[in-house]
Every structure is written in structure tokens, then in C-alpha cells.
Amino acid sequence: MFITFEGPEGAGKSTALRAVAERLREAGRAVLTTREPGAGEFGGRIREILLHGDEMPAESELFLFLADRASHVRRVIRPALERGEWVLCDRYADSTLVYQAYVRRLDADFVRRANRFATGGLVPDRTFLLDLDPEIGLARLTSRDRLDAQPIEFHRAVRAGFLNLASEEPHRWRILDASSDPKIVIEAILNEI
Ligand code: TYD
């Protein structure tokens, strides 16, 4: 099972992901938790450029996220799936469609094709959208990276982009209200999977 967690900043994706992983392990499942950008040595170096470097053209940003994903899928995600593990991933290809195409206005068809190329066609079995008003999400952050520090309009467009994507593929996505009690969000995810 390949499960991804998506959403705007401060929605509590990583907290929910950790809690769900723990519950699955208690139930006897082998679980791998991972994230994008930045799994492994290679990914970690790309993450550093993306989140802690200077501003860069949207095109460069796109290819860095894709370079990270191509390695992540081949070196981490697919091998774990082949071992029969559950893979829970904090952000994946949908983030690229939202941030680089929907928000940064790069060609969406090209981004979709590039995502397919980078992932070798690996699509999550389920994607949870932790949906939240960006004003609430940003207020929850204790520190801000280069992308967190974008103006509020950027974060509003991120939220709209995710809601749009989720409505296009309702069989894969589940939308959760991330302003509610985290325990409720976690139970809803566990119920679904
Ligand atoms: P995030 O999960 O928010 O990292 P952290 O919680 O540690 O700050 O992801 C980092 C940022 O990268 C976030 O602003 C979303 C952005 N991002 C993209 O723009 N495109 C992508 O393809 C991915 C995976 C992330």
C-alpha cells in the first residue's frame, strides 16, 4: 500500500503520518515513513538547495523536485513496496502539480508528463488531503523555509489547487478537515485504510 499525505503548510501532515504509522505497526504491519523533498543523502542535498537556498526560476525548482522524486521512487519507495511494506509519504507528485503548475503557472500537461516520467508511473493507492485555511496553517509554524515565507495569496492558491486536484480524482483522494482535533483526523485516516 502506497499512501501519500498532501496539503498546505501547517496542516499537520507529518504529525498525522507518524501517528498513523505507529498504529499500523502496533497492528503488526511493516511500515516505511518517508517524505519529499529530501529522502536519503541525495534527496537531503536537493532539499537544502530547494528550501534553504536563494530564489530560483520556477523551471529549476520543478526539475529539482523531480530529480529528488526519481531517486526516491527507485531507491526507497518501490523497494519497500516490493518487500510488502506499507509506504506512507509526506508529499509526492501532487505537490508538484499544485506548487509548480497551479501556483507557479508552469504548463500543467508538461508537469503531469514529467511526473509520470520521474515516478515511472507509480501512483499512490490513497492520498489524504489535510485541508486547512492557510492563515491557520501559517500561524501554527514555528519556523519558515523559503516556500513557507511566500505571501498569503501563494498559500491560498496552494489550498485551491489541492481541492481542485482532489475533485478530479475522487476515488484516490480523501479530504480531511485539518482544523479539527488531530485525533479525529488520525482516526478518519485509519478508518479509511
Ligand atoms: P514540506 O513538507 O512543507 O516540508 P516541511 O514541512 O519540512 O517544511 O515541503 C517543503 C516545501 O516544498 C513545501 O512548501 C511544499 C514544497 N514542494 C513543492 O513546491 N513541490 C513539490 O513537488 C514538493 C514535494 C514540495
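Read the numbers this way: they start at 1 and go in the same order the structure lists the ligands and their atoms. Because the structure is a prediction, the values reported are computed rather than measured.
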E192, CD: over 12 other non-hydrogen atoms inside 6.0 angstrom
yes
Provide, to 0.1 Å, the distance between atom 3 (O) of ligand 1 and the closest protein heavy atom, together with that atom's residue and name.
E9 OE1, 3.1 Å
Is there a polar contact, in the sense of an N or O pair closer than 3.5 Å, between R69 and ligand 1?
yes
State whether the number of non-hydrogen atoms from other residues, nucleotides or ligands found under 6.0 Å of R45 atom CZ is greater than 12.
no
Same cluster (ILVMFWY, side-chain, under 4.5 Å), V103 and M56
yes
Return the residue, atom name and 0.1 Å-rounded distance of the protein heavy atom closest to atom 8 (O) of ligand 1.
D145 OD2, 3.1 Å
Please say whether the positively charged group of R91, taken as NZ for Lys or CZ for Arg, lies over the ring of F5, i.e. under 6.0 angstrom from the six-membered ring centre and within 45 degrees of the axis.
no
Output all residues satisfying side chain to side chain donor-acceptor pair (under 3.5 Å) with Y92, sequence neighbours left out; order by chain, then residue number.
none
Around atom CZ of R25, are there more than 12 heavy atoms from other residues, nucleotides or ligands closer than 6.0 Å?
yes
With heavy atoms of K13 as the reference, note each atom of ligand 1 found under 4.0 Å away.
2 (O)
Exactly one candidate in E36, E61, R69 meets side chain to side chain contact (heavy atoms under 4.5 Å, CB included) with T96; the answer is R69
When you check the gap from the basic side-chain N to the acidic O, do D131 and R159 get nearer than 4.0 Å?
yes
Ligand 1 atoms nearer than 4.0 angstrom to some heavy atom of Q100 are 18 (C), 19 (O), 20 (N), 21 (C), 22 (O)
Who gets closest to atom 25 (C) of ligand 1 by heavy atom: F65, F154, F5, Y99?
F65
So which heavy atom in the protein is nearest atom 22 (O) of ligand 1, and how far is it from that ligand atom?
T96 OG1, 2.5 Å
List the closest protein heavy-atom neighbour of atom 2 (O) of ligand 1: residue, atom name, distance to the nearest 0.1 Å.
R91 NE, 2.9 Å
E61, any N or O under 3.5 Å of ligand 1 N or O
no
Provide, to 0.1 Å, the distance between atom 4 (O) of ligand 1 and the closest protein heavy atom, together with that atom's residue and name.
R47 NH2, 3.3 Å
Between D94 and V98, is any pair of side-chain heavy atoms under 4.5 Å apart?
no
Using 4.0 Å as the upper bound for N to carboxylate O, is an ion pair formed by E169 and R172?
yes
List ligand 1 atoms under 4.0 Å from L51, heavy atoms only on the residue side.
10 (C), 11 (C), 12 (O)
Any atoms of ligand 1 less than 4.0 Å from a non-hydrogen atom of L147? List them with their elements.
11 (C), 12 (O), 14 (O), 16 (C), 19 (O)
Protein non-hydrogen atom found under 4.0 Å from atom 19 (O) of ligand 1:
yes
So for ligand 1, is R35 a polar contact partner (N or O within less than 3.5 Å, distance only)?
no
Under 3.5 Å between any N/O of E36 and any N/O of ligand 1: does that happen in this structure?
no
